[in-house]
Amino acid sequence: MEYTFGAIEQKWREYWKKNQVYKVTNDTSKPKYYILDMFPYPSGAGLHVGHPLGYIASDIYARYKKMKGFNVLHPMGFDAFGLPAEQYALETGQHPAVTTEKNIARYKEQLDNIGFCYDWEREVRTSDAAYYKWTQWIFLQLFHSWYDRNAQKARPIIELIAIFEREGNSNLVCPGDENLKFDAVQWQSFDEKQQRDVLMHYRMAYQGYAEVWWCEGLGTVLANDEVVNGVSERGGFPVERKKMRQWFLRITEYADRLIESLDKLEWSEAMKEMQRNWIGKSIGAQVTFQSAGSDFQLEVFTTRPDTIFGVDFMVIAPEHALVEAMTTAEQKDAITKYQDYVKSRSERERMAEVKQVTGAFTGAYVLHPFTQKQIPVWTSEYVLAGYGTGAIMAVPSGDSRDHAFAKHFNIPVTNIFGDKYNGDEAYTAKEGIIENSDFISGKEIKEATALVVEALKKMNAGVPKINYKLRDAGFSRQRYWGEPFPIVYQDGIAYAIDEPQLKIPGEKRQLPVELPMVEHYKPGAEGEGPLANVEEWVTTEAGRRETSTMPGYAGSSWYFLRYMDPDNDAEFASRNATDYWREVDLYIGGTEHAVGHLLYSRMWTKALYDLGFIGFDEPFKKLVNQGMIQGSSRFVYELIGGLHVDTNAWDESSEPVSPSKKMGITGNVRHPNFFVSSGIYERIEKGTMSEAEIGALNEFINSQLIKFNKPGLTFRISVEHIIPHRVDVNIVDGYDLNIEKFKKWKNGEYANAEFILEDGKYICGSAVEKMSKSKYNVVNPDDIVAQYGADTFRMYEMFLGPIDVSKPWDTKGIEGVHRFLKKLWRLYFDEQKGWIVTEEKATETELKALHKTIRKIADDIEKFSFNTSVSQFMICVNELAGLNCHKREILEPLALCINPFAPHLAEELWHQLGYEDSVVNAAFPAYEEKYVTESSKNYPVAINGKPRLEMNFPLDAEQQFIEEQVLGNEHVQKYLEGKQPKKIIFVKGKMINIVVS
RNA sequence: GCGGGUGUGGUGAAAUUGGUAGACACGCUAGACUUAGGAUCUAGUGCCGCGAGGCAUGGGGGUUCGAGUCCCUCCACCCGCACCA
């Protein structure tokens with residue numbers, strides 16, 4: 001009986017489905033384990049072989065954990081709202097709901113082909129109304145809450161109102177407007193609109209007027225993490241800063257907790273660092289500088305108060321509100337000119353020319369708080385309006401940017417670091433002694449910092465201050481394909497639809513606020529989204545609905561909770577369910593979500609925790625980042641030009657002029673498709689081809705040209721005119737081009753191609769690139785599964801290397817894994833005799849081979865070292881095949897071991913072994929210690945580190961006994977050359993080395 | 001520039017965490033069986049050398065009886081952030 005993987009795999013897939021083998025219950029008698037993959041965005045391109053890498057790893061782990069007695073939750077769903085579907089709709093007119101549905105069906109089909117143990121009954125889709133009902137509901141909870149800085153947690157807004165009524169906001173700094181102060185009496189005197197405006201400044205989900213990234217190309221605003229290198233992450237369109245009224249999440253209030261609780265997470269250090277950097281906490285002081293004319297105050301933020309005696313000038317951002325006020329009449333023109341220049345530069349230009357020093361003097365001076373010296377105030381774009389106070393005190397001797405600025409504008413530099421500062425380069429190290437600095441001269445930086453802050457505080461000129469790079473997260477998008485906001489506007493006031501004071505009928509208060517169907521996806525008027533065009537939806541009895549939709553990260557910020565209780569219509573998930581499953585034990589996905597999704601999810605989880613809806617405050621306990629599988633592109637090399645044709649012999653008036661003309665070859669010229677093999681191409685390119693070879697090649701080409709029945713052609717090879725083309729990897733076997741398939745490729749575009757081969761083959765060039773359709777290097781898992789089977793595919797992806805490193809896909813190597821599975825199969829089945837498993841007693845050797853494998857596999861799975869597990873299986877099967885072992889005592893546990901990796905095959909073997917139930921319900925075999933520990937050991941006898949020979953001793957031999965035996969050995973005696981050993985080194989009961997002086 | 005990471009055969013990679021480097025697989029070479037092989041099996045395969053032997057984990061230095069592993073230094077590549085005061 002042969003290993004007919006196709007039939008076997010199909011049979012068991014149907015069996016799993018029919019018997020609901022992977023159904024997960026919230027069975028609280030077993031310990032739980034929650035394994036989650038980052039759910040995919042269902043794009044139109046379908047899955048390529050890179051996508052399932054993480055899914056396979058998590059599936060192996062899930063099956064293993066199940067067999068170890070855990071109740072495992074391992075669900076899958078789709079992040080179905082998003083820009084690409086809407087962009088596609090704009091181009092084709094197809095409704096995103098339709099294309100999304102189609103794409104999801106395709107994804108599920110592809111995923112099912114690989115044999116994952118998902119419980120599809122728990123599938124979630126962020127675009128389902130039954131799902132986004134709860135996304136909207138969570139938004140409302142955020143809207144109805146505020147962050148209590150004293151208690152360090154989010155609390156219901158009604159509690160805030162109670163405080164205002166009692167004592168105003170004297171103890172609660174307003175995060176939206178730090179200068180806002182009122183007492184209880186004033187609060188009572190505010191009208192509805194004023195009160196609501198104040199509350200808006202406190203809400204966790206709030207509407208604010210702030211600078212956001214506006215992307216004209218996409219017609220929407222974007223969050224910070226959706227803008228990369230000055231262009232939109234999706235589509236690469238330019239972005240600009242724009243002041244707009246937008247919804248925000250007050251994530252900045254969580255900055256500290258988001259940093260602190262990273263410590264308790266099992267994430268890679270790189271991932272944690274990325275989050276820390278993004279939050280960007282810096283500790284320093286805010287210092288006030290009085291203007292010389294005492295007509296304004298300039299606030300600056302600094303992390304180096306100790307350098308205050310080195311301040312030579314101030315720099316203020318060109319957009320800073322104070323610039324106009326402080327600029328003197330003489331400097332007015334220069335400043336206006338500079339501001340215009342700054343405005344004219346796009347974000348991309350600004351980022352590209354970071355090193356350029358620009359700026360202008362405002363004419364204003366401020367006074368040094370200690371020396372009362374006059375300090376000039378400059379403006380420059382290197383100071384960002386959006387960070388700190390938008391102004392800095394410049395210390396050229398201690399900061400390289402300030403130093404460059406001082407040198408450029410010839411501002412004298414005060415040295416406060418003595419010998420450490422050499423006049424050419426700022427001394428930026430954060431250790432050393434401060435000099436030339438009044439009362440802190442001779443002090444260490446740390447001490448000096450404390451002294452300065454203390455002194456400033458006494459003078460009322462400064463306070464300790466912590467700054468963050470993190471900004472509140474923009475939460476609205478002027479798009480159609482997203483969650484609508486449960487918000488309506490009445491008299492210009494935003495109300496949540498569940499608020500009692502809102503005059504709106506009961507049914508309109510219900511969630512979800514469903515996304516209406518639309519005919520087209522064009523933006524509405526005045527920067528509004530497409531929903532603004534749907535008049536009957538926008539208009540309600542109580543007022544106009546919010547027309548923007550929520551961003552892509554809304555649905556994905558909490559989806560892991562929904563899997564716990566996916567059908568619940570009364571809650572996002574029951575408290576019983578969330579208390580049982582709690583946080584995700586193991587989360588697998590790429591690093592690309594380091595600062596987006598992973599940060600937002602953490603914030604939502606903390607908010608839900610603060611408000612008492614769930615009992616844990618971190619979503620993902622352990623995070624494993626799988627590497628990317630890159631494509632391995634193949635190239636063919638086309639010879640162009642250099643073909644000289646007799647004018648009369650070739651009548652191709654419609655042909656474009658070829659590069660030959662540029663080479664000085666006149667006449668009508670064209671080229672047939674000539675392709676040279678990569679070895680020849682490289683030699684031509686490197687110029688290592690001899691004249692004779694080139695001549696031979698030319699002659700060969702010319703002889704082929706006769707096929708076209710066109711006499712009078714001559715061809716000369718020219719390096720500049722060989723161009724590489726990417727060729728579909730699926731018509732290349734390794735590096736050998738399949739010429740027949742190539743000729744049919746692209747509807748016969750290359751049907752007349754001629755090839756210059758090496759060793760009778762056309763060898764393609766190669767390059768590792770991102771896997772994408774446009775590079776013709778996409779390998780579809782369906783093809784691999786059809787050719788080798790899902791089990792081979794799964795094992796091969798794991799065999800490729802460690803899960804967390806990126807590597808190119810190489811179809812060639814899959815043969816080895818496939819051979820292994822066939823070999824394994826032959827332990828159970830003979831081609832002629834069929835089932836050959838016997839009930840014979842296993843030998844010691846066979847048991848050792850098995851138990852060693854059980855131990856290694858279990859260890860490796862726990863360590864996520866799946867590539868070495870596959871190797872261990874290969875070693876085991878080779879050993880058993882060598883021993884001609886077909887015994888149940890060995891093969892039954894082996895079938896169990898392989899189940900996480902090759903579930904279809906394991907299921908088949910399990911049933912052949914006589915079991916009715918699915919193999920996933922069996923227990924993972926335990927190994928017996930006596931078979932994995934050796935009974936005797938080899939002792940390498942090394943003398944002074946040089947290995948000489950090996951001797952074998954029983955495990956329980958005394959150290960003393962071994963020493964005597966070794967030293968008595970005649971060969972050892974010879975090596976010792978009569979010298980006395982100084983020391984004999986044993987490590988872990990194993991002799992390693994004899995040291996001779 | 002700052003932060004994180006990696007460097008081992010022709011290739012993907014192992015290495016019990018300081019103890020015989022290169023497991024396992026691809027590829028390659030020979031052979032067997034075959035009408036055939038892109039099926040299967042056997043043997044070989046880090047480099048130099050006929051050989052004994054020597055040299056090898058990016059380069060250089062150090063600690064150690066012993067270093068891929070620890071320390072110092074230089075180099076290369078990858079990822080993230082980037083005028084964040």
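So you know, we letter chains A, B, ... as the sequences are listed, proteins then strands, and number each from 1.
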Convert the base pairs of RNA chain B into dot-bracket notation, remembering that pairs crossing earlier ones are written with [ ] and that bases paired across to another strand are shown as |; include only Watson-Crick or G-U pairs under 3.5 Å. (((((((..(((......[....)))((((((.......))))))(((....)))..(((((..]....))))))))))))....

Whole angstroms only, please: what is the [atom1]-[atom2] distance between [X] and [N]?
X: A:D399; N: B:rC2; atom1: CG; atom2: P; value: 13 Å
X: A:K469; N: B:rC81; atom1: NZ; atom2: C1'; value: 6 Å
X: A:E815; N: B:rC41; atom1: CD; atom2: P; value: 12 Å
X: A:E769; N: B:rC78; atom1: CD; atom2: C1'; value: 16 Å
X: A:I814; N: B:rA13; atom1: CD1; atom2: C1'; value: 17 Å
X: A:F301; N: B:rC83; atom1: CZ; atom2: P; value: 16 Å
X: A:L821; N: B:rA25; atom1: CG; atom2: P; value: 13 Å

Evaluate the side-chain proximity of A:T379 to A:Q339: yes if any heavy-atom separation is below 4.5 Å, no if none is.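 Heavy-atom side-chain distance check fails, nothing below 4.5 Å.
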
Interatomic distance at P, B:rG9 relative to B:rC72, whole Å: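 Going atom to atom, P in each nucleotide, I get 25 Å.
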
Does any residue of residues 267-283 of chain A have a heavy atom under 4.0 Å from RNA chain B, and if so, which ones, in number order? A:A270, A:E273, A:M274, A:S282

Parallel, tilted or perpendicular: ring planes of A:F793 versus A:W809, cut at 30 and 60 degrees: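 Ring orientation, 0 to 90° scale: tilted.
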
